[in-house]
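Note on naming: letters A, B, ... go to the chains in the order of the sequence lines (proteins, then strands), and numbering restarts at 1 for each one. The shown structure was predicted, so the numbers you read here are calculated from the model rather than taken from an experiment.
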Amino acid sequence: MLQLQVLRDESAKIIDGLAKRYFKDAAEIVSKVLEKDKAKRALQTQIQEEETKLNGESKRVGDLMKAGKQDEATSLRNQIAQSKETAKDNNEKLKALDKELTDLLYKIPNVPAAIVPAGKTPEENKVEYEHGTIPTLHEGALPHWELIKKYDIIDFDLGIKIAGAGFPVYKGKGAKLQRALINFFLSDADKAGYIEMQPPIVVNEASGYGTGQLPDKEGQMYFINEDGLYLIPTAEVPITNLYRDVMVNEADLPIKNAGYTPCFRREAGSWGAHVRGLNRLHQFDKVEIVQITKAENSYQTLEEMSLHVQDLLEKLELPYRKLLLCGGDMGFNSAMTYDFEVFSAAQQRWLEVSSVSNFETFQANRLKLRYKNKEGKTQLLHTLNGSALALPRIVAAILENNQTPEGIKIPKVLVPFTGFEWIM
RNA sequence: GGAGAGGUGGGUGAGUGGCUGAAACCAAUAGUUUGCUAAACUGUCGUAGGGGUUAAACUCUACCGGGGGUUCGAAUCCCCCCCUCUCCGCCA
């Protein structure tokens, strides 16, 4: 959620920025916000004046009673009772206005950073960097959904039997490969100074609001009705919410956390031919990195985090490219996002494996995540996160790109974690 | 699932109707002094918002888990809800 104060001070700049997202009716919603805000403040001033008067009168009643002037006290009391009625009405109006205002604010996405290109579709994302060579596969090379059957390492049918489509069962070396990747990602994050967290994989409603999944995106999360809990779509939610309503000590900044969790996504309505196999799942594993920084450091941190992701991909020897997302392709909460895609040789397409974003104060505003600066002023912090990395598409790329007639070669860096060099 | 206790500022914690936006302590911060990797002393220090000012000063309002009620007046009394803790039960 954007800060109201910023909307007041820089509404033109915000409308300009939102144009890069092709966010509909930006100008209209912003002007509505300002209008409601103005009305609210006017009403508030009025209420406050009334309340000042009432407070003074109440005090006088007490004084009169103490002085033994019962009659005067009684008549003043009756007088107060009347003005209280109007005060009550006005307070209700104020509440209604405030809710309308908040609802409007919820609808406004984050303002893209200055360097984010305008654009509506993924085609307008900017390729910032490419690394690695795309392998040429042998005759008869297979896509990963065939390879997993050939080597019997991931079983979709078993998953369907016990849960449903999109919940695969990892078997034998397939399961070990998962575990190896998770360990590799976590140990690299550890070396980079991220404190590992193992959070719950369900969160309450307040947490959903804190990181911006709610309102509006409840349809994308699994919900446990009986207990009012959501299955997390990413570790971003529980880990970032660890710092909800927290006043951070300046000395503790930046905060760096990493966590492995399974992630659950309903992906309602997003299935099709291009999401075969591991390309899209309801449950998948991911190691997430999260940082909380002062405003002045967040963009430098964004670069640091994307270098961390690049390093992982290079160690895994996967050809990848780094994209700067255009306004229209960015998530609602983000001010700037880099996506990382690996090339899947058998499918002949790029697969998104990581997304690294700076949310600036958009989440912190909701989270009330702040610190006191040297002047003693309370300041919102910036939140950032990134996948480092999401497993399924990495697995898909490893299987496809590293396949040989003899079997699938495990990347060197993973062998200490898997305990085997080949899947055959 | 049953019974009980409790939710107060960055933290611990006092406060049962007006003198309480809230004692005390800790943390933080500014300074003084002595000095040597620190102590002592003094000051400041909740959040959000309105008015006001070039900016301050100043001033007002709300907020003691959330919502409602009683009252001229509520952190304090009443009702509902949420959450946490303890004991019992069940159980990895």
(message) Regarding Lys372(A), tell me which of base, sugar-phosphate or nothing describes its non-hydrogen contacts under 4.0 Å with the strands shown.
(response) sugar-phosphate

(request) Check whether more than 12 heavy atoms from other residues, nucleotides or ligands sit under 6.0 Å from atom NZ of Lys315(A), and answer yes or no. (result) yes

(request) Answer yes or no: is there a side-chain heavy-atom contact under 4.5 Å between Leu389(A) and Leu181(A)? (result) no

(request) Measure the distance from CZ on Arg60(A) to P on U71(B) and round it to the nearest whole Å. (result) 21 Å

(request) Find the partner of G9(B): check Watson-Crick (N1-N3 plus N6-O4 or O6-N4) and G-U wobble (N1-O2, O6-N3) distances, both under 3.5 Å, and reply none if neither fits. (result) none

(message) Using the C1' atom as the point on both nucleotides, what is the distance between G2(B) and C90(B), in whole Å?
(response) 12 Å

(request) Rounded to the nearest angstrom, tell me the gap between atom CD in Glu92(A) and atom C1' in G68(B). (result) 11 Å

(message) Need the pair for U86(B). Rule: Watson-Crick or G-U wobble, both distances under 3.5 Å, any strand; none if unpaired.
(response) A3(B)

(request) Between A74(B) and G68(B), how far apart are the C1' atoms? Round to whole Å, please. (result) 14 Å

(request) Measure the spacing between NZ of Lys256(A) and CD1 of Ile292(A) and express it to the nearest 0.5 Å. (result) 13.0 Å

(request) Please state the C1' separation for the pair G13(B) and G46(B) - nearest whole angstrom. (result) 15 Å

(message) Any strand counts, and the cut-off is 3.5 Å on both contacts for Watson-Crick or G-U wobble. Which nucleotide pairs with A28(B)?
(response) U44(B)

(message) Using whole Å, what does the distance between atom C1' of nucleotide A74(B) and atom CG of Leu54(A) come to?
(response) 15 Å

(message) Rounded to whole Å, how long is the line connecting atom CG of Leu369(A) with atom P of G10(B)?
(response) 14 Å

(request) Write down the atom of Ala258(A), the atom of Tyr194(A), and the distance for their closest heavy-atom approach. (result) CB-CB, 3.7 Å

(message) Return whichever of Ile80(A) or Gln5(A) has its heavy-atom-nearest nucleotide of RNA chain B closer to the 5' end.
(response) Gln5(A)

(message) Expressed as a whole number of angstroms, how long is the span from Glu250(A):CD to A27(B):P?
(response) 18 Å

(request) Could you let me know what C91(B) is paired to, Watson-Crick or G-U wobble, both distances under 3.5 Å, or none if it's on its own? (result) none

(message) Please check: side-chain N/O of Arg366(A) versus main-chain N/O of Arg244(A), any donor-acceptor pairing under 3.5 Å?
(response) no

(request) Check whether any side-chain N or O of Lys95(A) sits under 4.0 Å from OP1 or OP2 of G68(B), and answer yes or no. (result) yes

(message) Whether Ser58(A) contacts G18(B) is assessed here as follows: a side-chain N or O lying under 4.0 Å from the phosphate OP1 or OP2. Is that the case?
(response) no

(request) Give the nucleotide from the list G73(B), G51(B), A48(B) with an atom nearest to the side chain of Arg370(A). (result) A48(B)

(request) Let me know the distance between NZ of Lys36(A) and P of G50(B), rounded to the nearest Å. (result) 18 Å

(message) Taking A39(B) as the reference, what is the distance to A27(B) when you measure between their P atoms (whole Å, please)?
(response) 9 Å

(message) Work out how far the C1' atom of G11(B) is from that of U16(B), and round it to whole angstrom.
(response) 25 Å

(request) Could you give the distance separating C81(B) and G18(B) at their P atoms, to the nearest angstrom? (result) 29 Å

(message) With a 3.5 Å distance limit and no angle check, can you tell me whether Ser357(A) reaches the backbone of Phe359(A) through a side-chain donor-acceptor pair?
(response) no

(message) Between U47(B) and G21(B), how many Å separate the two C1' atoms, rounded to a whole number?
(response) 11 Å

(request) Identify whether any heavy atom of Thr74(A) sits under 4.0 Å from a base atom; if not, whether one sits that close to sugar-phosphate; answer base, sugar-phosphate or nothing. (result) nothing

(request) Sort out the partner of C72(B) for me: Watson-Crick or G-U wobble, both distances under 3.5 Å, none otherwise. (result) G18(B)

(request) Spell out protein contact along nucleotides 53-64 of chain B as letters: B when the base is contacted, S when just the sugar-phosphate is, - when no protein heavy atom is under 4.0 Å; keep the 5' to 3' order. (result) -------BBS--

(request) Could you tell me whether Leu76(A) contacts a base, only the sugar-phosphate backbone, or nothing, with contacts defined as non-hydrogen atoms closer than 4.0 Å? (result) nothing

(request) Using the closest heavy atom to pick a nucleotide of RNA chain B for each, name whichever of Asp227(A) or Arg8(A) lands nearer the 5' end. (result) Arg8(A)

(request) Any chance you could measure Thr383(A), atom OG1, to Ile255(A), atom CD1, to the nearest 0.5 Å? (result) 11.0 Å

(request) Rounded to whole angstrom, note down the P distance from U29(B) over to C19(B). (result) 34 Å

(request) Can you tell me the distance, in whole Å, between the CE atom of Met1(A) and the P atom of A48(B)? (result) 13 Å

(request) Side-chain contact test, heavy atoms from C-beta onward, threshold under 4.5 Å: evaluate it for Leu18(A) versus Ile14(A) and give yes or no. (result) yes

(request) Could you tell me the separation between the CG atom of Asn249(A) and the C1' atom of A27(B), rounded to a whole number of Å? (result) 8 Å

(message) Let me confirm one number: the OG-CG distance from Ser334(A) to Leu325(A), rounded to the nearest 0.5 Å.
(response) 7.5 Å

